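Quantities reported herein were computed from a predicted structural model and do not represent experimental measurements. Note: hydrogens, waters and symmetry copies are ignored here, and every other heavy atom, side chains too, is used.
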Amino acid sequence: MANYLNDVSRTFGEYLLIPGLTTKQCIPTNVSLKTPFVKYNTDEKPAIMLHIPFVSAIMQAVSGPDLAIELARNGGLSFIFGSQSITSQAEMVRKVKKFKAGFVVSDSNLMPDNTLADVIKLVKKTGHSTIGVTDDGTPNGKLLGIVTSRDYRIEKDDPSMKVHDFMTPFEKLIVGKSGISLSEANQKLWENKLNTLPIIDDDQSLIYFVFRKDYDSHRENPCELSDATKKLLVGAGINTRDYKKRVPALIEAGVDVLCIDSSDGYSEWQQETLHWIKTNYGDKVPVGAGNVVDGEGFRYLVNAGADFVKVGIGGGSICITREQKGIGRGQATALIDVAHTRDEYMKEKGVYVPICSDGGLVHDYHMVLALAMGADFLMMGRYFARFDESPTKTLRVGNNYVKEYWGEGSNRAQNWQRYDMGGNESLKFEEGVDSYVPYAGKMKDNLDITLGKIKATLCSCGATTIEDLQKNAKITLVSSTSIVEGGAHDVILKDQG
């Protein structure tokens with residue numbers, strides 16, 4: 001006979017937060033949303049802290065390099081989707097790592113005998129307007145000059161014109177020498193009113209570029225999530241099939257964290273994957289695992305070496321796993337259960353393993369509920385799929401603008417590895433749908449509103465940190481009629497059109 005659980009499988013929509021004492025210190029500007037990202041000993045600090053508790057879902061329709069860049073600039077982190085070739089995924093990781101590094105290795109280079117036509121072609125290919133002119137056209141050749149968009153006019157100049165005729169020659173360049181610090185390089189940029197500072201060695205070989213825009217970007221994005229060398233942090237999704245080839249390529253590309261992407265993480269396949277990565281790379285790269293919906297699954301993955309654990313099966317807006325297989329659990333109930341086990345584990349071992357709530361978020365206040373119930377950070381797909389930075393097309397359907405959004409379990413994604421049950425079988429039925437989401441514009445504009453709501457809610461709960469919220473939040477179950485009461489009712493709404 002099966003084992004029966006007595007608790008009811010509940011969702012975030014069945015709960016509300018009870019206000020706590022809002023002290024004079026509980027104002028939005030005092031709220032910190034920093035949160036641990038990977039496991040750590042309780043007497044130490046986490047190796048990685050997120051500045052906001054958001055990560056983007058491991059999905060083709062969500063986590064491309066453009067969204068990864070923008071989310072990291074705002075304090076969160078993206079996991080580049082793994083349902084693509086190893087080469088393609090590694091290249092996306094490289095694009096994020098190269099976006100802002102302080103000292104940037106030049107990947108747009110030509111020789112003096114190249115032509116303006118070559119310059120135009122290279123700019124279109126890379127999107128970079130600054131080109132290093134070296135004796136051999138390589139990133140570390142002898143620097144002879146640079147070309148920027150100010151050195152030529154596409155409409156008037158002859159495409160066959162040689163680079164050496166219009167480049168800024170080395171003799172007129174202000175450069176930095178090997179060993180210069182980033183702060184010194186930035187100071188040199190400002191003192192000389194430059195946009196670009198080439199860094200060379202004693203042999204005049206090009207080593208790096210330092211760009212003024214990178215300094216401005218960091219100033220405009222104080223919550224930016226970057227490493228000690230000012231490179232943005234980025235994650236990548238992996239599966240339990242080709243990890244022995246995929247993981248080395250992603251690490252070589254500079255990935256900061258990995259996450260096993262699966263609809264059901266409580267499996268020996270994930271245990272073997274974690275064991276292989278930890279045996280071969282140790283703590284060089286953290287690895288998250290999941291998804292699970294109870295404490296038993298959590299302990300299994302933590303004992304296997306997981307650095308964080310994802311919680312949630314079937315709660316995503318485009319996921320139909322519960323309909324197809326009858327597998328899953330209400331997201332609130334799953335999260336409460338796993339968080340309780342996480343806290344027990346911490347008391348037993350002195351090790352804190354962060355948990356990520358994945359799915360079930362309908363309204364912004366659900367995000368605060370998830371954090372209060374024990375989540376350290378939230379993984380979201382639909383939320384990020386709406387923005388300019390997601391990789392899908394913006395379309396007009398009827399009178400509305402929308403973005404395409406499909407699940408990794410849909411036939412469109414063809415990501416059978418995520419639903420792999422072993423053996424040689426591929427995807428036999430869909431566990432996700434193909435859909436649209438309302439287009440919402442730029443990420444930052446929307447993110448500022450969402451984070452503003454979260455901070456205001458924390459203040460109403462009498463908390464200024466996520467840790468305070470988890471210790472002191474009061475949560476109540478609600479009836480169906482009180483849910484109705486919570487919205488606009490008994491009035492005639494004005495036409496907003």
Side-chain angles (χ1 to χ4, degrees), residues 54-74 76-85 87-89 91-93 95-96 127 234-239 259 261-263 291 310 312-324 358-364 366-367 378-419 426-447 449-450:
F54 291 173
V55 299
S56 68
I58 309 170
M59 299 174 67
Q60 295 173 13
V62 180
S63 295
D66 292 340
L67 188 131
I69 288 169
E70 189 62 18
L71 184 52
R73 293 176 73 195
N74 284 278
L77 183 136
S78 283
F79 288 94
I80 301 295
F81 66 94
S83 50
Q84 59 178 318
S85 72
T87 301
S88 176
Q89 188 184 23
E91 192 53 42
M92 288 186 180
V93 168
K95 183 176 180 180
V96 180
V234 63
I238 59 174
N239 61 62
C259 185
D261 184 30
S262 173
S263 66
N291 287 17
K310 285 206 297 152
I313 294 177
S317 60
I318 40 70
C319 183
I320 55 174
T321 295
R322 295 180 194 173
E323 291 180 19
Q324 294 282 51
D358 180 14
L361 301 173
V362 179
H363 304 292
D364 285 356
H366 290 172
M367 300 177 187
L378 317 173
M379 176 172 280
M380 297 182 289
R382 179 187 58 86
Y383 180 86
F384 290 114
R386 306 171 300 146
F387 302 146
D388 285 329
E389 294 83 1
S390 75
T392 62
K393 296 177 182 177
T394 302
L395 307 172
R396 183 166 181 169
V397 177
N399 293 321
N400 300 308
Y401 284 97
V402 297
K403 296 270 286 186
E404 294 181 296
Y405 182 47
W406 60 92
E408 290 297 296
S410 67
N411 277 327
R412 180 171 183 175
Q414 289 294 307
N415 185 12
W416 64 268
Q417 292 95 336
R418 189 176 198 273
Y419 302 87
S426 59
L427 189 66
K428 297 299 185 185
F429 56 91
E430 292 185 281
E431 294 189 42
V433 299
D434 198 344
S435 63
Y436 300 114
V437 288
Y439 169 65
K442 293 183 179 301
M443 179 194 294
K444 188 171 181 60
D445 296 339
N446 290 274
L447 204 54
I449 294 171
T450 298

Donor-acceptor check, side chain of [X] to backbone of [Y], threshold 3.5 angstrom: yes or no?
{"X": "Arg73", "Y": "Lys444", "value": "no"}
{"X": "Asn400", "Y": "Arg396", "value": "no"}
{"X": "Gln89", "Y": "Phe81", "value": "yes"}
{"X": "Asn446", "Y": "Ala440", "value": "yes"}

What is the minimum heavy-atom distance between [X] and [Y], and which atoms define it?
{"X": "Gly381", "Y": "Met59", "value": "CA-SD, 4.2 Å"}
{"X": "Phe79", "Y": "Gly237", "value": "CB-N, 4.4 Å"}
{"X": "Gly82", "Y": "Ile58", "value": "N-CG2, 4.0 Å"}
{"X": "Glu70", "Y": "Asn74", "value": "O-ND2, 2.8 Å"}
{"X": "Leu71", "Y": "Ser78", "value": "CD2-OG, 3.6 Å"}
{"X": "Ala57", "Y": "Ser63", "value": "O-OG, 2.5 Å"}

Subject >> Derivation and outcome, side-chain contact (heavy atoms from CB on, under 4.5 Å), residues Leu447 and Tyr383 >> reply: CA-CA 10 Å; Leu447 204 54; Tyr383 180 86; 3.7 Å; yes

Subject >> Intermediate values then yes/no, side-chain contact (heavy atoms from CB on, under 4.5 Å), Met380 and Val62 >> reply: CA-CA 9 Å; Met380 297 182 289; Val62 180; over 6 Å; no

Value rounded to 0.5 Å, distance of [atom1] in [X] from [atom2] in [Y]:
{"X": "Lys310", "Y": "Asp358", "atom1": "NZ", "atom2": "CG", "answer": "4.0 Å"}
{"X": "Asn291", "Y": "Ser263", "atom1": "CG", "atom2": "OG", "answer": "8.0 Å"}
{"X": "Ser56", "Y": "Ile80", "atom1": "OG", "atom2": "CD1", "answer": "7.0 Å"}
{"X": "Met443", "Y": "Asp66", "atom1": "CE", "atom2": "CG", "answer": "9.5 Å"}
{"X": "Tyr436", "Y": "Lys403", "atom1": "OH", "atom2": "NZ", "answer": "13.0 Å"}
{"X": "Met92", "Y": "Lys95", "atom1": "CE", "atom2": "NZ", "answer": "8.5 Å"}

**OP:** With sequence neighbours left out, write down each residue that passes salt bridge (Lys or Arg N to Asp or Glu O under 4.0 Å) with Asp445, or none if nothing qualifies.
**Re:** none

Subject >> salt bridge (Lys or Arg N to Asp or Glu O under 4.0 Å) against Asp388, all qualifying residues, sequence neighbours excluded >> reply: none

Subject >> Minimum side-chain heavy-atom gap Glu389-Ile69 below 4.5 Å >> reply: no

**OP:** Decide yes or no on side-chain hydrogen bond (donor to acceptor under 3.5 Å, both in side chains) for Ser390 and Tyr405, but give the supporting numbers first.
**Re:** CA-CA 10 Å; Ser390 75; Tyr405 182 47; over 6 Å; no

